[in-house]
Amino acid sequence: MSKENQGGESGIASLSEARVRAQAARGSLERELEDVRLLLDQGLTSEVLKRTASLMRASRQDATLLGRARCLLSAALEMQGRYRESLEAVRLYEQPEERAKCDPVSSIYLGVQLGLAYNYTGDHPKAIALLNATLREATEHGGGAQVGSVYVALARVYRNINEYTIARDHAQKALEHFRGTGDWRGLAEANFGIALAEVYEGNYEPALEHFGQALKLVGDHPAPYLLGKIYTNMAGVCWFLKRPHDGIKYLETAISYYERTEHKANAADGYNNLGIHLILVGEWDRAQEALERALTLASETDKRGEQTMILDSLGELLMLRGELEEAEKYLERAVELSQEHGNKWYIGQALRTLGRCHLAMGQLERALADGTRALEYAGLIGDRQAVCDSRLLLGEIYLRRGDLVRCEEQLNPVLSETADTSADFAVSGEAQRLHGLLSLARGERLLAAQHFGRSVSIYEMLGDRYRSARSRYDLGRAYAAVQPERAYECLARATETFRELGARLDITRAEEALSALAQHSVGDDAPAALQPRFDDLTHLILLRLTDAVASRELLLRELAAVVSQETGVRRILIAETDEEARGRVVVAHGWTEDEGGGLLEKLHRAEGAEETKRVAGEHQVETIELRPTNAPPATLLVSPPGTAALPGGVSLDPLLRMVELGLDVCAFREQAREGLDGAEQSTLASQSFMPGFIHSSPAMTRLVEEVHKIRSSDVTVLVTGESGTGKELVARAIHALSSRRAKVFVPFNTCASSPPPTATSKTW
């Protein structure tokens with residue numbers, strides 16, 4: 001008998017063999033954990049939940065593997081929006097002794113997941129405290145990947161409390177730590193975090209660059225959930241950049257990734273956003289398909305909030321098509337679901353759209369009730385844009401009722417809110433349209449035309465085909481009694497757009513206006529009282545251009561609109577010079593963008609003034625240079641040459657000088673905004689003290705950094721320490737650096753001045 005058999009029969013166990021088997025079993029569990037992590041990347045969270053349950057049973061005797069399995073379980077629940085359950089999955093690791101049972105790396109990742117779980121359940125101070133403690137742990141016991149993961153998590157928390165500068169700083173630090181690790185997930189998440197901070201601060205082009213970098217880092221890795229998030233946010237950036245067609249492409253890509261995951265709610269949101277973009281650019285059939293698909297997916301997930309917004313979008317589209325009764329059914333369902341959901345923003349949004357539907361149906365009392373309730377909800381949640389939208393709806397209802405005074409009462413606050421900002425262009429476009437309607441009702445046709453003209457410029461800049469056509473229709477009505485040729489052009493263009501879109505009610509109205517114009521055209525024989533006085537016209541144009549200095553692009557578009565509406569010019573093109581000294585079309589009337597780009601290319605290639613003049617002559621254009629003192633130049637091309645003059649042959653030069661000054665104002669505003677941002681960051685970087693503090697130790701430096709991080713957050717702060725260590729001094733410093741520094745700081749000494757029961761009642 002062999003020795004091996006003898007040993008086996010004697011019942012003596014081999015410790016080395018047992019060790020090998022244990023290591024093999026552990027290796028198998030570690031591979032399973034990595035497989036589950038890959039499933040998480042793919043958004044297959046149901047499979048993750050099933051397999052982590054099995055892993056947790058198999059890892060009961062191994063604290064490290066059990067901790068990592070719980071970490072994945074928490075992350076999967078978080079992705080499903082089950083935030084309380086996500087917290088419960090890792091809450092036991094809030095106890096230091098529980099995390100101490102795991103290896104240092106797993107302990108750090110558990111600390112990160114625990115901080116994120118508290119973040120998503122709304123306890124931001126606790127999330128920050130836990131993550132800062134984990135950061136110290138990672139600095140002492142972890143590597144670059146672990147430190148980077150803590151910074152990524154901190155960036156998420158600070159984004160949630162609207163501290164975008166701090167969030168970007170943390171994401172940047174994460175990127176620095178991940179660079180030496182080769183961790184593609186970490187590098188992609190860090191770039192994603194930087195991009196989001198840039199978006200929230202209005203820096204859209206840098207945001208797109210960082211999103212693009214995140215895409216490159218993901219590369220061929222199977223991570224559809226993360227890719228879907230990246231493309232969705234890129235589409236959002238394109239909305240702000242007024243590039244809806246690019247946004248549509250990004251959303252289609254995002255949806256294709258989300259549909260590979262189990263996250264139907266994300267796909268539903270993507271389809272809803274796609275539908276909104278398609279409505280904007282006038283592809284209404286595709287928009288309806290996208291929105292109906294969104295509603296199907298949202299119904300399967302039974303999430304009332306998503307269904308409310310999709311029903312609202314569908315109702316608006318049907319309303320624009322003229323299918324008012326069907327739209328009303330969708331919108332009433334949206335209001336009903338939003339009330340069940342309890343979200344005040346959803347309720348107000350659905351009520352506003354329903355109010356517009358009732359207005360279109362001529363049911364003014366019901367529309368007034370909807371608008372009044374919408375305004376109440378907007379006030380309750382403090383949403384300035386929702387307040388403006390609600391006031392505009394109420395203003396138009398009062399106008400339709402013939403109550404011009406109450407219309408103006410609703411309109412004026414909106415005009416004052418949106419007169420000087422580029423962030424509210426959609427609201428501003430509607431406010432200008434309502435102001436035009438009010439002026440028209442008062443018989444002030446020339447003033448109405450200027451307001452409608454500005455509304456057209458804004459909506460064309462936003463790429464909103466329907467609202468551009470609607471404002472152009474109103475512009476035609478304003479011109480009808482005094483300038484019938486221009487009225488006909490405006491009404492004809494509006495009618496053509498309405499037909500292309502399929503806006504039935506608007507087609508009927510525009511065709512009736514054209515018919516009335518043909519029957520009652522007064523032409524050059526209009527009574528003197530109806531003919532615009534040149535002084536009045538010049539004054540209104542100057543005011544219109546002055547009001548447009550909220551944005552360089554809007555100012556140039558308004559210049560093009562004024563030249564088109566008030567001169568004999570048939571074709572207009574305004575161009576800027578890009579970073580490569582090549583022409584870029586800003587706005588073109590009468591040329592397509594390709595035609596305008598080709599003309600600019602020929603002028604760019606021309607060598608010398610004579611060659612430029614020859615090219616311009618061949619194309620029947622006159623070149624007018626705009627040369628502001630402190631802003632980039634622009635070029636105005638008009639055709640035919642010599643027609644760029646106001647009524648009576650008055651030169652455009654005074655208006656062009658006004659535009660040059662306006663371009664300088666736009667440039668100064670942009671520089672001031674960037675300067676303020678830079679100054680704030682510089683102050684944060686260089687200020688190493690707090691009011692009342694002189695320090696140099698590392699511990700005090702960390703304290704100062706913490707105070708600066710929470711300086712403007714709306715969070716409760718607890719300062720602890722032994723008697724005499726300066727707790728009140730820290731509290732005073734927080735107050736002095738906060739947004740409440742103009743208010744009174746009230747110290748209350750619970751130890752010296754009050755017995756314990758009184759202190760408790762006063763503080764808690």
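Computation of the quantities below employed the complete heavy-atom set of this structure, encompassing side-chain atoms and omitting hydrogens, waters and symmetry-equivalent molecules. Numbering of residues begins at 1 and proceeds along the displayed sequence.
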- [ ] Mark yes or no for whether R570, through its side chain, and V638, through its backbone, hold a donor-acceptor pair below 3.5 Å.
- [x] no
TODO: Kindly check if the number of other-residue, nucleotide or ligand heavy atoms within 6.0 Å of CD (E325) is above 12?
DONE: no
- [ ] Side-chain contact test, heavy atoms from C-beta onward, threshold under 4.5 Å: evaluate it for Y473 versus L491 and give yes or no.
- [x] yes
Only distances under 3.5 Å count here; give the side-chain donor-acceptor pairs of residues 401-410 to other protein atoms, sequence neighbours excluded, each with its distance to 0.1 Å.
from	atom 1	to	atom 2	distance (Å)
D403	OD1	R406	N	3.2
R406	NH2	Y398	OH	3.1
E408	OE1	R442	NH2	2.8
Q410	OE1	R391	NH1	3.0

Open item on the list: Salt bridge check, R499 against E496: does any charged N sit closer than 4.0 Å to a carboxylate O?
Closed with: no
- [ ] State, without any angle test, whether S338 and T308 hold a side-chain donor-acceptor pair at a distance under 3.5 Å.
- [x] no
Task: salt bridge (Lys or Arg N to Asp or Glu O under 4.0 Å) contacts touching residues 307-320 (sequence neighbours left out) - done: E316-R467
Open item on the list: What I'd like to find out is whether the side chain of L626 reaches to under 4.5 Å of the side chain of L556, using heavy atoms alone.
Closed with: yes
Open item on the list: Can you give me the closest heavy-atom contact between A431 and L411, atom names plus distance?
Closed with: O-CD1, 3.7 Å
Task: Smallest separation among heavy atoms of A294 and I310, with atom names - done: O-CD1, 3.4 Å
Task: Carboxylate-amine/guanidinium contact R243 E205, below 4.0 Å - done: yes
Task: W284 side chain vs L501 backbone, donor-acceptor pair below 3.5 Å - done: no
Open item on the list: Regarding E326 and R321, does a basic nitrogen lie under 4.0 Å from an acidic carboxylate oxygen?
Closed with: no
Task: Distance (rounded to the nearest 0.5 Å) between L364 CG and I397 CD1 - done: 7.5 Å
- [ ] Give a yes-or-no answer on whether the side chains of Y466 and D506 include a donor-acceptor pair shorter than 3.5 Å.
- [x] yes
Task: Backbone N/O of H358 and side chain of Q363: donor-acceptor pair under 3.5 Å - done: no
Task: Carboxylate-amine/guanidinium contact R433 D474, below 4.0 Å - done: yes
Open item on the list: Under a 4.0 Å threshold between the charged nitrogen and the carboxylate oxygen, would R286 count as salt-bridged to E289?
Closed with: no
Task: Exam field: side chain Y459 to backbone R470, donor-acceptor pair closer than 3.5 Å - done: no
- [ ] Supply the atom-to-atom distance Q307 CD to Y346 OH, rounded to the nearest 0.5 angstrom.
- [x] 11.0 Å
Open item on the list: Once rounded to the nearest 0.5 Å, what's the spacing between atom CG of L434 and atom NE2 of H451?
Closed with: 10.0 Å
TODO: Kindly compute the distance separating CG (N343) from CD1 (I381), expressed to the nearest 0.5 Å.
DONE: 7.5 Å
- [ ] Before accepting this row, confirm whether a basic side-chain N of the pair R557/E553 lies closer than 4.0 Å to the acidic partner's carboxylate O.
- [x] yes
- [ ] Check for a donor-acceptor pair, side chain of S639 on one end and backbone N or O of R571 on the other, with a separation under 3.5 Å.
- [x] no
TODO: Specify the closest pair of heavy atoms between G315 and A327, including all atoms of both residues, with the distance to one decimal.
DONE: O-CB, 3.3 Å
Task: Minimum-distance pair of heavy atoms, taken over all atoms of N272 and M309 - done: OD1-O, 3.9 Å
Task: Check: D269 main-chain N/O paired with N273 side-chain donor or acceptor under 3.5 Å - done: yes
- [ ] Please say whether more than 12 non-hydrogen atoms of neighbouring residues, nucleotides or ligands are located less than 6.0 Å from CD in E485.
- [x] no
Task: Ion pair E283/R465, N-O distance below 4.0 Å - done: no
Task: Considering all heavy atoms, the nearest P244-L280 contact - done: CB-CD2, 3.9 Å
TODO: With rounding to the nearest 0.5 Å, note down the distance linking CG in L637 to CG in L600.
DONE: 6.0 Å
Task: N/O donor-acceptor pair under 3.5 Å between T372 side chain and L368 backbone - done: yes
Task: Between CD on residue E460 and OG on residue S468, distance to nearest 0.5 Å - done: 5.0 Å
Task: Distance-minimising heavy-atom pair for A235 and L251 - done: CB-CG, 3.4 Å
Open item on the list: Whether E332 and R366 form a salt bridge (side-chain N of Lys/Arg under 4.0 Å from carboxylate O of Asp/Glu) is what I want to check.
Closed with: yes
